[in-house]
Amino acid sequence: MNIDDVTTAARNGLIPAYLYNDAEVFEIEKDRVFSRSWMFIAHESEIPDPNDYVVRNIVDDSLLVTRDSGGEIHVMFNMCVHRGMQVCRAERGTATTFRCPYHAWTYKNDGTLAGLPFHLDAYGGEDGFVKDGQALLAAPAVAIRNGLIFASLDPDAVDFDSWLGDFGFYLDFYTKQSPAGMEFRGPQRWRADTNWKIGAENFIGDSYHTPHTHASVVEIKLFGEPKPNKRKEGVLWHAGPGGGTTYKLPDGSGFRSGLGYVGYPDEMIDKMADVWTPEQQALAGEAGFMPSAATLFPNLSFVHNWPQVDDSGQITPFISLRLWQPVGPGETEILSWFVVAADAPEAYKEASYKAYMLCFGSSGMFEQDDVENWVSITTTAKGSMARRLLLNNRMGLTHDGDPIVSQYEGFTGPGTAYQGYGEHNQRHWFSMWSDLVEQPAPELAPIAFGVPQES
Amino acid sequence: MSAPAAIPLPYSDERHQRASQFLVEEAHLLDTSQFEAWLGLLDASIHYQMPVRVTAVKATEESTVQTMDHFAEDWYSLRKRVERFQTAHAWTEDPQSRLRHHVSNVRTFADDDSDQLIVESAVLLYRSRGDRNAPSMLSAGRRDTLLPTAAGLRLARRIIEIDESVLRTQNLAIFL
């Protein structure tokens with residue numbers, strides 16, 4: 001495999017089918033994509049109190065995400081610097097220290113090495129092992145936005161805010177709905193025999209699959225919206241390192257009635273009006289578009305939908321964030337959170353949770369059919385004929401490479417927007433992927449512990 | 001749910017026998033996709049819940065998450081799930097999985113204050129799809145509340161304690 005041939009094809013909207021299940025490609029992705037991208041690992045509300053922690057992965061790296069006794073957040077490599085054991089083997093909890101079960105080396109929850117048994121007898125004290133100032137290996141770069149904690153394994157990672165760019169405008173629709181911030185519940189975690197890229201690409205812009213893949217949820221009247229004609233009125237936008245889909249609201253909706261149309265009660269609309277800029281409010285209020293699915297490169301996706309949650313016909317929206325955590329070329333762990341404004345009325349939280357459970361997550365009726373498709377793609381992508389097949393990712397372009405419709409002028413958000421069906425966003429995603437896999441992995445110097453630091 | 005008596009009913013007790021048979025018949029309906037008939041075994045007040053489990057430090061933390069579930073169902077949502085399976089477009093179960101619910105470890109408790117039964121059981125669901133991927137299994141404990149009615153027992157409440165923190169099945173297009 002020549003990776004430059006792969007990216008040339010991908011940039012041209014032709015995807016070598018085997019990219020969805022190939023060990024060599026997966027190794028390249030580990031070295032070149034996940035080792036230097038900004039990766040979502042947790043939300044602050046998952047560790048609300050001092051000394052709370054969760055353990056999360058970036059592919060094979062186990063990371064301890066803590067809030068120390070002073071409230072500060074730390075992200076550390078969950079590996080004892082002595083013999084390499086995980087210092088924390090639970091997945092969440094509350095602890096002021098982490099003691100390695102192997103030799104009892106003990107770390108404070110800010111990572112500082114606090115206890116080293118027989119330091120004097122075994123090492124001759126500081127003369128043999130420099131304990132002072134040692135700590136668990138910190139994640140090279142950490143950034144927090146709207147309470148979302150991101151980490152990069154690349155010490156030279158580009159500044160988070162610069163990287164996020166105009167995607168931040170859209171991020172707020174999902175993760176900033178109240179001055180009180182958001183509450184993340186979960187995640188539900190499950191594994192599926194699917195390549196991680198497929199979910200990311202689906203959520204970034206595939207409004208084309210909705211009417212057919214999800215036909216059943218319309219038939220049972222769970223959801224009125226994903227009808228082919230309705231779906232193609234939506235705008236596909238991409239901005240910065242991500243993109244997403246929208247639904248067109250009824251003409252002349254305005255901000256408040258647009259949000260009301262998808263089921264937000266007045267109390268929630270008041271909160272959103274408090275935290276969204278006039279430009280953000282104009283997306284629904286003037287342009288008339290309601291954000292639906294989105295992906296932030298590489299593997300964090302968002303969904304916002306509004307099913308009917310009971311027999312009375314009540315429509316209630318929900319938000320979910322999901323991480324397509326790569327396990328192997330043909331296997332992904334899906335982590336799916338329910339997200340709601342922390343100070344939302346209890347009745348709204350309950351209805352929104354129900355809306356989420358009906359639609360997405362491990363048992364969600366949308367998600368069930370999505371994952372079935374993705375498992376099927378991944379299984380088939382292993383074949384030798386898949387090594388020849390170039391999948392067509394050119395929807396919305398003529399053979400000459402011109403868009404079949406011009407950019408949508410009435411869209412008020414930043415970035416690039418097209419109305420109707422198209423694979424503009426999937427190509428955008430693949431162009432970001434190509435930019436990374438074309439570059440050799442960062443070369444990082446080893447870090448030795450306990451030995452005097454070279455000056 | 002009232003706390004169960006410490007000692008389960010003896011196997012010879014007719015109430016235990018009825019409860020055991022209920023669970024076996026229910027498993028048969030689920031294995032053979034008789035979902036309408038399965039709904040018929042549920043009381044309209046049904047609360048059907050499967051909390052998310054996590055890996056937690058022994059003795060100091062709960063391994064069951066209180067705020068997130070894999071299922072948190074009522075009569076409306078279970079009926080919608082069944083209705084969906086009956087459409088021609090529920091792709092995830094067409095072709096269908098081959099399912100076998102293995103039910104065991106049934107312990108029946110009489111409720112002191114009412115004639116309802118509290119029934120604990122283990123269920124192992126074997127699920128095989130297609131001809132390429134490995135089959136998946138889900139192991140769980142269940143704690144049910146069964147109400148005696150003129151038409152037989154009805155399930156009013158089920159709490160499912162799933163034995164995994166990360167489910168090894170592609171979705172929960174199944175019932176436990």
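The chains referred to below are lettered A, B, ... by the order of the sequence lines, with proteins before strands, and numbering in each begins at 1. Not measured: the values here are computed from a predicted model.
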Residue B/Lys80 excluded, over 12 heavy atoms near NZ under 6.0 Å: yes
A/Tyr353, OH atom: more than 12 neighbouring heavy atoms under 6.0 Å: yes
Largest heavy-atom contact set with chain A, pairs under 4.5 Å, which of B/Arg79, B/Met50, B/Glu164: B/Arg79
Polar side-chain atom of A/Trp190 near backbone of B/Asn171 as donor-acceptor pair, under 3.5 Å: no
Heavy-atom contact with chain A under 4.5 Å, split by part of B/Val52: side chain
Nearest-0.5 Å distance that lies between atom OG in A/Ser336 and atom NE2 in B/His70: 10.0 Å
Beyond-backbone contact of B/Thr92 with A/Val371, side-chain heavy atoms, under 4.5 angstrom: no
Cationic N near anionic O, under 4.0 Å, A/Asp193 to B/Arg129: no
From B/Phe85 atom CZ to A/Ile220 atom CD1, the distance as rounded to the nearest 0.5 Å: 10.0 Å
B/Asp69, part contacting chain A, at a heavy-atom distance under 4.5 Å: both
Atom pair CZ/CG of A/Arg191 and B/Leu167 - distance to nearest 0.5 Å: 11.5 Å
A/Arg99 atom CZ, neighbour heavy-atom count above 12 within 6.0 Å: no
Between A/Met357, A/Lys354, A/Arg89, the one whose heavy-atom pairs under 4.5 Å with chain B are most numerous: A/Met357
With A/Ser216, the side-chain hydrogen bond (donor to acceptor under 3.5 Å, both in side chains) member among B/Glu83, B/His89, B/Gln86, B/Arg84: B/Arg84
A/Glu350, CD atom: more than 12 neighbouring heavy atoms under 6.0 Å: no
A/Lys349, NZ atom: more than 12 neighbouring heavy atoms under 6.0 Å: yes
Option in B/Glu93, B/Arg53, B/Met68, B/Arg168 with maximal non-hydrogen atom pairs under 4.5 Å from chain A: B/Met68
From B/Tyr76 atom OH to A/Leu358 atom CG, the distance as rounded to the nearest 0.5 Å: 6.5 Å
Whether B/Gln170 side chain and A/Ala192 backbone form a donor-acceptor pair below 3.5 Å: no
B/Arg81 (side chain) donor-acceptor with A/Ser363 (main chain) under 3.5 angstrom: yes
Contact origin within B/Ser136 toward chain A - heavy atom pairs under 4.5 Å: neither
Nearest non-hydrogen partners of B/Ala88 and A/Glu219, listed with the distance: N-OE1, 4.5 Å
Contact class of A/Val309 relative to chain B, heavy atoms under 4.5 angstrom: backbone
Chain B contact via A/Gln368 - side chain, backbone, both or neither, heavy atoms under 4.5 Å: both
Options A/Ser362, A/Ala215, A/Ala90, A/Pro187, ranked by heavy-atom pairs under 4.5 Å with chain B, top entry: A/Ser362
